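This report refers to the structure that appears directly beneath it.
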2 protein chains.
Amino acid sequence: MATIETGDLRKAGLKVTQPRMRILELLETSSGKHLTAEDIYRELIQHHSDIGLATVYRVLTQFEAAGIVLKHNFESGQAVYEIDRGKHHDHMVDIDSGKVVEFTSAAIEKLQHEIAERHGYTIEDHSLVLYVRKKRK
Amino acid sequence: MATIETGDLRKAGLKVTQPRMRILELLETSSGKHLTAEDIYRELIQHHSDIGLATVYRVLTQFEAAGIVLKHNFESGQAVYEIDRGKHHDHMVDIDSGKVVEFTSAAIEKLQHEIAERHGYTIEDHSLVLYVRKKRK
DNA sequence: CTTCATGCAAATCTTTTGCAGGCGC
DNA sequence: GCGCCTGCAAAAGATTTGCATGAAG
């Protein structure tokens with residue numbers, strides 16, 4: 001799996017700056033996690049980076065436009081970000097713990113396309129989130 | 001299809017008040033549409049109802065808790081509400097026009113449950129939104 | 001009457017923007 | 001050096017809350 005680096009920033013027309021690299025690093029390290037802008041901000045501050053929350057938002061927005069990160073609006077009112085490793089996946093959110101599990105289903109994707117097709121549309125993107133609870137035995 | 005009325009408010013432990021009835025009426029009239037709190041507020045103001053935006057939010061929150069309305073967080077940053085007619089359905093949002101089409105797929109639902117099951121979870125709720133574009137012939 | 005609801009204004013929370021100074025190339 | 005970036009503070013947008021008054025049962 002390709003690690004994202006400076007080249008990806010340049011390709012997106014973004015200068016390679018401290019804040020951007022720091023954020024990128026953090027996102028890579030946290031691959032699989034889903035962080036809010038605030039999470040990232042706090043994390044960076046603790047790691048001796050003097051960075052502004054506004055910059056975190058600005059950088060994340062640029063990264064999203066560049067296809068480097070994915071932004072999700074779960075029901076929390078706060079957007080979460082994760083690095084885009086290319087392999088599309090959907091999410092399952094544990095209502096009680098807040099834990100997020102990723103999954104994929106080619107079968108569901110196929111059905112989605114059939115449905116859109118049937119209505120005369122093409123899917124540009126989609127969002128599937130299951131809100132779940134641990135099954136008690 | 002049962003029209004929602006005062007009984008449903010009482011059942012939810014809510015007093016039957018002017019604002020609540022007005023909002024309920026509006027939601028019923030707009031069945032199939034997806035309104036923001038602001039939309040509802042403006043609509044009511046224009047129809048000579050002296051109501052506060054805070055009340056609209058409070059009432060919608062209560063209605064959601066009572067299962068009278070559904071709240072959706074599409075990518076717009078503003079939540080939208082629609083009356084809950086009981087028949088579950090998912091949404092397809094036309095990226096260009098903003099139009100929302102509803103659909104259902106028993107096949108997809110079944111797959112969702114199988115996936116959750118496989119991970120040891122039970123689905124409490126789910127959200128599936130397809131962001132689509134009219135197909136050009 | 002008693003309680004629950006409401007309107008208004010103020011507070012909160014998240015995200016965005018303006019601006020003056022700095023850093024990357 | 002020139003222009004893109006950044007931090008900070010202020011602004012903006014959405015939603016919530018405190019409080020005194022008013023309506024529902």
Side-chain angles (χ1 to χ4, degrees), chain A residues 5-26 34-66 68-81 98, chain B residues 5-26 34-66 68-81 98:
Chain A
E5 10 88 14
T6 65
D8 298 85
L9 291 183
R10 293 227 171 69
K11 216 180 304 165
L14 299 172
K15 281 186 182 171
V16 178
T17 64
Q18 272 275 232
R20 288 185 182 138
M21 289 308 289
R22 293 285 182 131
I23 292 176
L24 204 41
E25 270 172 47
L26 177 53
H34 298 73
L35 308 172
T36 64
E38 196 84 38
D39 288 339
I40 294 172
Y41 173 65
R42 266 186 284 99
E43 195 73 20
L44 290 175
I45 288 295
Q46 291 186 340
H47 288 17
H48 13 322
S49 291
D50 187 12
I51 197 172
L53 178 56
T55 299
V56 175
Y57 275 107
R58 271 187 292 233
V59 169
L60 287 172
T61 303
Q62 294 159 344
F63 282 6
E64 191 195 3
I68 296 174
V69 304
L70 295 173
K71 177 182 182 180
H72 304 289
N73 293 288
F74 297 154
E75 310 267 291
S76 64
Q78 211 161 161
V80 297
Y81 299 83
Chain B
E5 9 88 13
T6 66
D8 297 84
L9 291 183
R10 292 227 171 70
K11 216 180 304 166
L14 299 172
K15 282 185 181 171
V16 177
T17 64
Q18 272 276 235
R20 287 185 183 138
M21 288 310 288
R22 292 288 181 128
I23 292 175
L24 204 41
E25 269 172 47
L26 177 53
H34 298 73
L35 307 171
T36 64
E38 195 83 40
D39 287 338
I40 294 172
Y41 172 66
R42 266 186 284 99
E43 194 74 19
L44 290 175
I45 288 297
Q46 290 185 343
H47 288 17
H48 14 321
S49 290
D50 188 11
I51 197 173
L53 178 55
T55 299
V56 175
Y57 276 106
R58 270 186 293 235
V59 170
L60 287 173
T61 302
Q62 294 160 344
F63 282 7
E64 191 196 2
I68 296 174
V69 304
L70 295 174
K71 176 182 182 179
H72 303 289
N73 293 287
F74 296 154
E75 310 266 292
S76 63
Q78 210 160 161
V80 296
Y81 299 83

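Throughout, protein chains are lettered first and strands after them, A, B, ... in sequence-line order, and every chain is numbered starting at 1. What you see below is based on every heavy atom in this structure, not just the backbone, and it leaves out hydrogens, waters and symmetry mates. The shown structure was predicted, so the numbers you read here are calculated from the model rather than taken from an experiment.
Listed pair A:Thr36 / C:dT14 fails the phosphate criterion, with no side-chain N or O lying under 4.0 Å from OP1 or OP2. A:Arg20 has a side-chain polar atom (N or O) that falls below the 4.0 Å cut-off from OP1 or OP2 of D:dT6.
Rounded to an integer number of Å, the gap from CG of B:Leu60 to C1' of C:dT6 is 15 Å. Per the geometry, CD belonging to A:Gln18 stands 11 Å off P belonging to C:dC25, to the nearest Å. Per the geometry, CG belonging to A:Asn73 stands 19 Å off P belonging to C:dC13, to the nearest Å. Look at OH on A:Tyr57: it is 20 Å from P on D:dC5, rounded to the nearest Å. Spacing between atom CD of B:Glu75 and atom P of C:dT15 amounts to 13 Å, rounded to whole angstrom units. Per the geometry, CG belonging to B:Leu24 stands 16 Å off C1' belonging to C:dA5, to the nearest Å. Following rounding to the nearest Å, B:Glu38 (CD) and D:dA12 (C1') show an atom-to-atom distance of 13 Å. Separating the CD atom of A:Glu64 from the P atom of C:dT15 is a distance of 12 Å, rounded to the nearest angstrom.
Heavy-atom nearest nucleotides on DNA chain D were determined for A:Gly52 and for B:Thr17, and the one closer to the 5' end corresponds to A:Gly52. For the pair B:Leu53 and B:Arg10, both in contact range of DNA chain D, the more 5′-proximal nearest nucleotide belongs to B:Leu53. Along DNA chain C, the nucleotide nearest B:Lys15 and the nucleotide nearest B:Tyr41 are compared for position; the residue whose nucleotide lies closer to the 5' end is B:Lys15.
Residue B:Leu14 is in sugar-phosphate contact alone, with no base atom involved, counting any heavy-atom pair closer than 4.0 Å across all strands shown. B:Ala79 comes within contact range of the sugar-phosphate backbone alone, with a heavy-atom separation under 4.0 Å but no base atom that close.
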Would you please test A:Val80 and A:Leu35 for side-chain contact (heavy atoms from CB on, under 4.5 Å) and show each step?
CA-CA 5 Å; A:Val80 297; A:Leu35 308 172; over 6 Å; no
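Between the base of C:dG7 and the side chain of B:Arg58 there is a donor-acceptor pair shorter than 3.5 Å.
Of the candidates D:dT15, C:dT3, C:dT6, C:dT6 carries the atom nearest the B:Pro19 side chain, counting heavy atoms from C-beta on. Among the nucleotides C:dT6, C:dA5, C:dT16, the one closest to any side-chain atom of A:Thr61 is C:dT16.
For the side-chain contact (heavy atoms from CB on, under 4.5 Å) with B:Ile40, the qualifying choice from B:Val56, B:Leu53, B:Ile51 is B:Val56, the only one to do so.
Side chains of A:Asn73 and B:Glu75 form a contact here, defined as non-hydrogen atoms less than 4.5 Å apart. In this structure the side chain of B:Ile23 reaches within 4.5 angstrom of the side chain of B:Phe63, judged on heavy atoms. With contacts defined as side-chain heavy-atom distances shorter than 4.5 Å, the pair A:Arg42/A:Gln46 does not qualify.
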